[in-house]
Amino acid sequence: MSKLKDKLGEIIPKHGERVKKVLAEKGDKVLSEVTVKQAYGGMRGVKNLVCETSYLDPMEGIRYRGMTIPEMRKVLPKAPGGEEPLPEAGWWLLLTGEVPTDEEVKDLQAEFKAAQEVPSYVWETLKGMAKDTHPMTMFSVAILAMQRESLFVKGYNEGMKKAEYWVPMYEDSVNLLAKLPIIAAYIYRMKYKNDEHIPADPELDFGGNFAHMMGVDAPEYKDLMRLYFLLHSDHESGNVSAHTCHLVASALSDIYYSVSAAMNGLAGPLHGLANQECLKWILAMMDKLGGEPTHEQVEKYAWDTLNSGQVIPGYGHAVLRQTDPRYVAQHEFGKKYCADDPVFKNVKAAYEVIPGVLQKQGKAKNPWPNVDAHSGCLQYHYGVKEFDFYTVMFGVGRSLGITAEVIWDRALALPIERPKSVSTDWIEKNI
Ligand code: HAX
């Protein structure tokens, strides 16, 4: 039995009634108007999606079910001896809006453990791929390969009722999430550690077990990965990975199709891949200017990047207009464990300089750092130096948020997504 599934079974009908009432009372009210500029401009600022799990305030940053990152770090259950919240507890919060008890988290962890075994054909698929395949491609393919396991597809083919759709979507999500840290660590060890693998430890949690299978010995790395997965999990539903997952799932595609597609969006350099680009930028700067460049040198280096027509990775955001609290949380972790690390110091120096440069340039609406400006430097400190792999870790975390979102999409029976498009010709004639 699953305590989380039972809880959702209680919550979903009540929330469904709330949504029905909102639609009856406010269904015809205007939420957002769309300008021609927004239609050409990536729909920035257009309010046209509903996301139950999280809300992104431009100034304050993300809240999961109303809770800020500092609040979650305080109140969500932790692993024995750990100081950072368990991502499993975050998934519970995202799905239910409630902070789980230790017992509830244990129940969910038992569910994950029961679903942990990765089918052997996934390993064969990964081994069959070209050696220089990007790890994100491997990750996406591994997820897609398991589509044949979908319980949603089975139920759908057997004529399951619409009101029940969320149940196999939940089960598919558990079955997939349980395997993701194992698949990710496998890709890492296959590609970068001579294909020598470390078996999963059944005693460990989602983040702790991933850290263990990566082969990083520092005990606090387990806590880093718990924090990392939680921070990267949800950022409401308009970002490329979450929106892709929602869009693909809206065609009643199952969780494997939907999450695999989301990972392909996350793999773009303006989205999740920015974390590998960011550390590359810092290391290239250190290489060129020596270990501890002055602020003036960092400033010149930043201008050189901009003048060569490139973006400064890790800075700017489509919604945020302040330093990303996910950056702050990682910075706090770094201050505690690796304040003297030269890369950490350079990330800090970049923070002290780059916002001023971007403000002077006057193009980026948000000159402040996002989550990706910090994550790579902490991985690098703990010896995970293969940048290409960083977005896979982001992908493991992001999967927690997007699966929670689409379970709710199914619970509310949201329809297939199909916005209307127009041509330039149409705009010229009609606007
Ligand atoms: N460096 C240089 N120029 C930047 C910039 C940066 N960091 N951020 C924005 N700009 C530029 C844009 O390229 C754009 O220029 P053009 O008018 O010439 O096209 C202009 O400023 C206005 O852009 P914006 O409205 O402020 O930003 P967008 O909403 O269009 O884009 C991005 C948001 C995050 C894609 C953008 O800030 C960027 O490219 N940042 C660097 C890459 C990055 O860090 N991506 C990760 C974002 C977080 C995330 O999704 N993680 O997964």
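Just so you know, ligand 1 is whichever comes first in the structure, and atom 1 is the first atom listed for that ligand.
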Chemist: Under the side-chain hydrogen bond (donor to acceptor under 3.5 Å, both in side chains) definition, can you give me all pairs with a residue in residues 54-66, not counting sequence neighbours?
Modeler: S54-D234, E60-R63, Y64-S233

Chemist: Is it true that E352 and K348 have a side-chain N and a carboxylate O under 4.0 angstrom from each other?
Modeler: yes

Chemist: Quick one: side-chain hydrogen bond (donor to acceptor under 3.5 Å, both in side chains) pairs with a partner in residues 394-417, sequence neighbours left out?
Modeler: W91-T403, N239-R398, S241-R398, H243-E417, H246-D409, H246-E417

Chemist: For ligand 1, what is the set of protein residues having any non-hydrogen atom at a distance below 4.0 Å?
Modeler: R44, L270, H271, G272, A274, L306, V311, I312, P313, G314, Y315, G316, H317, A318, L358, K363, A364, K365, N370, D372, F394

Chemist: Examine distances only and state if a side-chain atom of K179 and a backbone atom of N175 form a donor-acceptor pair shorter than 3.5 Å.
Modeler: yes

Chemist: So, D201 versus H212: side-chain donor-acceptor pair below 3.5 Å or not?
Modeler: no

Chemist: Just distance, no hydrogens or angles: give the donor-acceptor pairs under 3.5 Å from side chains in residues 143-153, sequence neighbours left out.
Modeler:
unit_1, atom_1, unit_2, atom_2, d
Q147, NE2, D254, OD2, 2.6
E149, OE2, Y121, OH, 2.5
S150, OG, F152, N, 3.2
S150, OG, V153, N, 3.1
S150, OG, D172, OD2, 2.8

